[in-house]
Structure formats: structure tokens, C-alpha cells
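Scroll down for the structure; my scribbles are underneath it.
Atom set for the values below is all heavy atoms of this structure, side chains included, hydrogens, waters and symmetry mates excluded. Each chain gets a letter, A, B and so on, in the order the sequences are listed, and its residues count up from 1. All figures in this text were calculated on a predicted structure; none of them were measured in a lab.
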Amino acid sequence: MSFPPVKEQLDRIIRNTVEVISEEELEQKLTRSFETRTPLKIKLGADPSRPDLHLGHSVVLQKLRDFQDLGHEAILIIGDFTAMIGDPSGKSTTRPQLTAEEAKENGRTYFDQASKILDRKKTTIRYNADWLGQMTFNDVIRLSSHYTVARMLERDDFEKRYRSREPISIHEFLYPLAQGMDSVHLRNDIELGGTDQKFNLLVGRDLQREYGIHPQVCITMPLLVGTFGQDKMSKSLGNAICFNDTPEDIYGRVLSIPDDLIETYFTLLLPTPERSPESFREMIKESPREAKRTLAKEIVSFFHSGDLAVKAEDHFDRVFVHKKAPLEIEEFAFSASSIPLVDLLVALKAVNSKTEARRLISQNAVQIDDTKISDINFEVTLDQESKTIKAGKRKFFNVVLKKDL
RNA sequence: GGGUAGGUAGCGAAGCGGUCAAACGCAACAGACUGUAAAUCUGUCGACAUAUGUCUUCGGAGGUUCGAAUCCUCCCCUACCCA
């Protein structure tokens with residue numbers, strides 16, 4: 001095994017990071033690895049209770065990929081153990097409790113999606129229930145004695161919750177320790193995470209030291225801002241773009257980001273660009289519109305393909321710029337030849353209730369074959385010719401009369 | 001174990017016997033506008049029926065009242081203080 005020169009590795013590793021704790025140690029580890037021709041072990045934790053990966057995950061996954069490209073070993077830890085415990089503090093919706101099978105299954109889905117970025121063959125998957133599940137109560141108490149309540153409360157979100165008098169369960173204090181135990185068990189050299197993981201990463205570092213292991217270097221990556229430009233990207237905030245979204249969705253959502261986010265997205269989301277940062281800064285200045293379209297297309301190409309990116313762009317122009325129906329619309333057949341529009345919309349699941357259907361119609365949001373319908377009591381006559389129903393901005397359906405058999 | 005303050009629609013937060021399907025903000029949805037699914041402005045935002053009608057909601061279960069989110073009883077949950 002041979003590696004690129006240490007300096008070259010360092011440059012690539014440090015690109016886009018927020019913090020490396022510490023750079024000196026990183027350099028030492030790289031040097032030792034270079035001299036002994038031993039790959040470093042890089043750890044990244046995955047939460048299987050949320051198996052839908054979005055662009056925010058991609059930032060840190062790309063960093064892991066950097067390490068793989070440099071010849072190091074990527075270890076993806078699926079946190080199935082903690083996911084099985086869940087969160088009994090009444091907020092079970094935020095952290096659902098999973099069965100062992102679900103956790104395994106979600107772990108697989110996670111890995112499948114992550115493979116869009118990682119080199120599948122060079123990735124080791126470990127499930128932390130394998131070792132955390134073996135620990136006895138004794139072990140846990142011994143582990144807990146390494147940390148104090150005051151130090152736990154240093155963590156930003158604990159402190160905030162404590163101050164604003166929101167509940168914190170004891171077991172939540174154990175999560176960082178459990179994650180730290182992963183590092184003790186794996187003896188990894190480096191751990192990656194978003195800036196929100198800094199505390200947890202440091203706990204791992206401390207614990208390794210306590211257990212007589214070379215402490216890991218902690219590398220934090222920026223949290224990607226979501227499509228509304230305010231908070232970090234997160235599924236529950238609805239501002240996320242997911243790996244599994246359709247090309248059309250990804251394209252459209254990227255276009256909807258605020259202009260001042262374009263540059264960030266370029267730097268964080270596209271793999272080591274041939275372009276210099278100056279070149280796309282120039283491009284953005286010249287035409288934000290074109291820059292964003294390029295960005296959107298490249299992101300779609302990355303997650304799907306170039307062809308689909310072109311298609312997605314066409315679709316977008318067609319539906320949103322020119323306000324025409326998309327080329328491909330799902331078709332639904334009905335056996336009744338005449339059906340109230342309100343009932344039809346419910347049957348198509350375009351709306352959740354008849355009241356909502358009426359609301360849409362009275363707001364001029366429903367069209368049949370490009371004709372706006374504003375009569376709540378409108379009856380749709382179906383025949384063999386398919387009719388195109390548009391409900392709101394984005395929902396299109398073709399409806400036909402079911403053929404007699 | 002004792003005390004205090006609380007639990008209201010997806011979230012945050014008013015209401016404290018009728019005029020409450022419940023103010024307001026955020027989110028969501030629609031219309032206008034736009035390079036955009038952004039921003040902005042306007043409207044909608046429990047369900048069913050559609051003429052100002054009916055039904056189910058304000059932690060849970062009972063009760064008082066012509067009438068309760070609002071009062072009483074018990075229970076569950078959360079925060080803080082005291083032990």
C-alpha cells in the first residue's frame with residue numbers, strides 16, 4: 001500500500017473542513033501511516049432511525065470519500081444499538097424506537113444511498129449493537145464514571161434545553177458515551193462529523209485516551225444550510241433535498257435556494273471541482289440564474305445521470321416557466337362516466353378531504369385540459385380520451401373511462 | 001414524599017363559563033408576480049353538507065351547568081424548588 005505525499009493528503013483532507021482537532025496530530029498520523037504503509041481508520045457514525053439521506057449528509061460523506069481516495073479505510077458505524085433504545089421521554093416521534101430488524105434494514109438503506117458517494121468496496125460497515133449490546137450494567141457504570149454531569153451540560157444543546165427547562169433523560173447522557181465507546185472499540189484514528197457532532201467526537205477522543213488508546217483526530221464539516229436559507233438542512237424542517245428524490249424534485253429544489261447560497265452549495269456539494277472557486281464566483285456574479293441552473297444540473301447529474309439532468313431541466317422549464325403540463329403524467333382509469341370533480345380529486349388523492357378539494361377549486365387552482373374550473377359542483381364527464389387534471393401547482397393526473405371488458 | 005407552574009390544532013403561543021373550530025406567529029396550501037418551487041403581496045388552513053346547518057377537537061376519565069378549552073374530582077405527563 002502506498003499513499004500520496006503527506007502534504008498533498010493534508011491539503012485535500014483540510015479542504016472544506018470547519019475544524020480539525022488537532023492538525024498537528026493529523027499530520028503525525030498521516031506521516032506514520034505513510035512511513036509504515038498502514039491505512040488510517042476513519043470512522044463515521046450513521047443514524048439508522050433516519051435512513052433518508054439528504055445533501056447535508058453528502059458533505060461529510062464526501063470527506064469520507066476523500067479519505068478512501070487517498071487509500072485509507074472508511075468505517076461506517078450504524079448506530080443500531082441506540083436506535084433500538086429509542087427515546088422514552090414522550091418525544092418518541094423525534095426518535096422512533098426501532099426493532100433490531102428495522103435497524104438492520106435501515107442501515108442497509110443508508111449504506112445503499114451512501115454508496116452514491118462512497119466507494120462501496122472500500123467501505124467497512126459495523127453495527128454498534130455488536131459490542132454495545134455485550135456490555136453489562138457494570139461496564140456501563142464504569143464507563144459513566146469517566147464523565148461528569150457538568151461536562152455533559154457543556155454540550156450546547158443540553159445546556160440550552162436545561163436552561164429552557166425542557167426534559168433531558170439520563171439515557172441521553174449515555175448516548176455520547178456510547179458513541180465514544182464505538183471509538184474505543186474500533187481504535188479508529190479519525191472521526192468525522194458535522195459541527196453539531198463536535199461534542200460527541202470529543203467524548204470519543206477523551207474516552208480513547210482513558211482506555212489507553214491513541215486519541216482520535218476529530219474533523220468537523222460545515223452543516224449545509226437548507227433550501228430556505230435559514231436553518232441547517234433537515235428532513236423534519238422540510239428544507240432538505242434527499243438522495244432519493246426524483247431528478248425533477250432535486251432540480252426544482254436547488255433552483256429555489258436563495259441566491260447567496262449558490263456558492264456554498266457549489267463548494268460543498270460538488271466533488272473536488274476542476275473549476276476554481278473564483279471561476280464560479282465569477283459565473284454567479286454574471287448570471288445568478290445561469291449559475292443556479294448549472295448547479296442544479298450538476299447535482300442531478302451527480303445523483304442520477306447527465307441525461308436525467310437534462311430531462312429535469314426540460315421538465316422544469318415546461319411546467320414552471322411555461323406553465324404547461326409535464327410530458328409524462330400518471331393515468332388513472334375510472335369506471336363511472338360522470339363523476340363530481342370534488343370526488344374525483346379525493347379519489348386521485350390530490351387532496352385529503354372534500355373540503356380541501358372545494359377550497360382548491362374556489363381558489364382557481366384546478367384545471368381540466370387547460371381550462372380553469374371554478375364551479376364547486378362541476379361534473380367531470382369521462383370517455384376514452386384522457387383528460388388532464390391539474391390540481392395546484394405541481395399535481396397532474398390523466399383520467400380516462402375504464403374500458404369495458 | 002411535599003410544594004409551585006404547566007399540558008390548547010403540524011410546531012410555538014393566546015384564551016380562563018356562552019359572541020371558540022378556538023386570536024396571533026411559523027410551517028403548509030392556493031392566487032398574483034418573478035429567472036425560480038425564492039422574496040413580496042393576497043387568500044385559505046378540523047371534517048361532512050354547502051343558505052347563516054351538523055359532527056368530532058383544547059393531556060385522560062368522570063362530574064357541575066341550559067351551556068365548559070374555561071369550574072370541580074381523580075388519574076397521567078413535564079419543568080422548577082424543598083426533602
Per [X] side chain, nearest of listed nucleotides [options]:
X        : options                : answer
A:Arg358 : B:rA38, B:rC80, B:rU50 : B:rU50
A:Lys354 : B:rA37, B:rC48, B:rU50 : B:rC48
A:Tyr162 : B:rA37, B:rU50, B:rC80 : B:rC80
A:Lys292 : B:rG35, B:rC48, B:rA32 : B:rG35
A:Ala365 : B:rA30, B:rA37, B:rG35 : B:rA30
A:Pro167 : B:rA30, B:rA79, B:rC80 : B:rA79
A:Lys323 : B:rU34, B:rA30, B:rC48 : B:rU34
A:Leu360 : B:rA37, B:rC29, B:rC48 : B:rC29
A:Phe320 : B:rG35, B:rU36, B:rA47 : B:rU36
A:Asp259 : B:rC80, B:rG35, B:rA37 : B:rG35

Between [N] and [M], how far apart are the two [atom1] atoms, rounded to whole Å?
N      : M      : atom1 : value
B:rC16 : B:rA23 : P     : 14 Å
B:rA13 : B:rA69 : C1'   : 15 Å
B:rC33 : B:rG43 : C1'   : 15 Å
B:rA22 : B:rU70 : C1'   : 12 Å

Do the side chains of [X] and [Y] get close enough for a salt bridge, i.e. N-O under 4.0 angstrom?
X        : Y        : result
A:Asp66  : A:Arg12  : yes
A:Lys41  : A:Asp189 : no
A:Asp156 : A:Arg161 : no

### Query
Do the side chain of A:Arg253 and the base of B:rA37 come within less than 3.5 angstrom through a donor-acceptor pair of N or O atoms?
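No, no donor-acceptor pair under 3.5 Å.
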Scan [X] against the nucleic acid and name what it touches under 4.0 Å (heavy atoms): base, sugar-phosphate only, or nothing.
X        : result
A:Lys372 : sugar-phosphate
A:Ile257 : nothing
A:Glu313 : nothing
A:Arg293 : nothing

Look through every strand shown and name the nucleotide pairing with [N] as Watson-Crick or G-U wobble, where both distances are under 3.5 Å.
N      : answer
B:rA68 : none
B:rC48 : B:rG53
B:rU73 : B:rA61
B:rG12 : B:rC24
B:rU19 : none
B:rC29 : B:rG43
B:rC80 : B:rG3
B:rG35 : none

#### Entry: Exceeds 12 heavy-atom contacts within 6.0 angstrom, atom CZ of A:Arg209
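More than 12 within 6.0 Å, yes.
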### Task
Would you indicate whether A:Ile141, at its atom CD1, is surrounded by more than 12 heavy atoms from other residues, nucleotides or ligands within a distance under 6.0 Å?
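Yes, because the 6.0 Å sphere around CD1 of A:Ile141 holds more than 12 heavy atoms from other groups.
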Measure [atom1]/[X] against [atom2]/[N] and give the value in whole Å, please.
X        : N      : atom1 : atom2 : result
A:Glu166 : B:rG6  : CD    : P     : 18 Å
A:Arg165 : B:rG7  : CZ    : P     : 15 Å
A:Met283 : B:rG35 : CE    : P     : 20 Å
A:Arg289 : B:rA37 : CZ    : P     : 12 Å
A:Ile373 : B:rA30 : CD1   : P     : 18 Å
A:Phe378 : B:rU50 : CZ    : P     : 18 Å
A:Glu356 : B:rA21 : CD    : P     : 22 Å

### Task
Examine B:rA38: is either OP1 or OP2 under 4.0 Å from a nitrogen or oxygen in the side chain of A:Thr227? Give yes or no.
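It does not, given that no N or O in the side chain of A:Thr227 lies less than 4.0 Å from OP1 or OP2 of B:rA38.
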### Query
Which class fits the ring pair A:Phe173 and A:Phe158: parallel under 30°, tilted 30 to 60°, perpendicular over 60°?
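Because their plane-to-plane angle is over 60°, the rings of A:Phe173 and A:Phe158 count as perpendicular.
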### Task
Measure up the A:Phe3 and A:His72 rings against each other and bin them: parallel (under 30°), tilted (30 to 60°), perpendicular (over 60°).
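Parallel: the ring planes of A:Phe3 and A:His72 meet at under 30°.
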### Message
With nearest nucleotide decided by heavy atoms, which residue, A:His315 or A:Asp343, maps closer to the 5′ end of RNA chain B?
### Response
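Result: A:His315.
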#### Entry: First of A:Gly392 and A:Val321 reached from the 5' end of RNA chain B, by closest nucleotide
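In this pair, the answer is A:Gly392.
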#### Entry: Within 45° cone and under 6.0 Å: A:Lys104 NZ/CZ vs A:Tyr127 ring
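Output yes; distance and angle both within limits.
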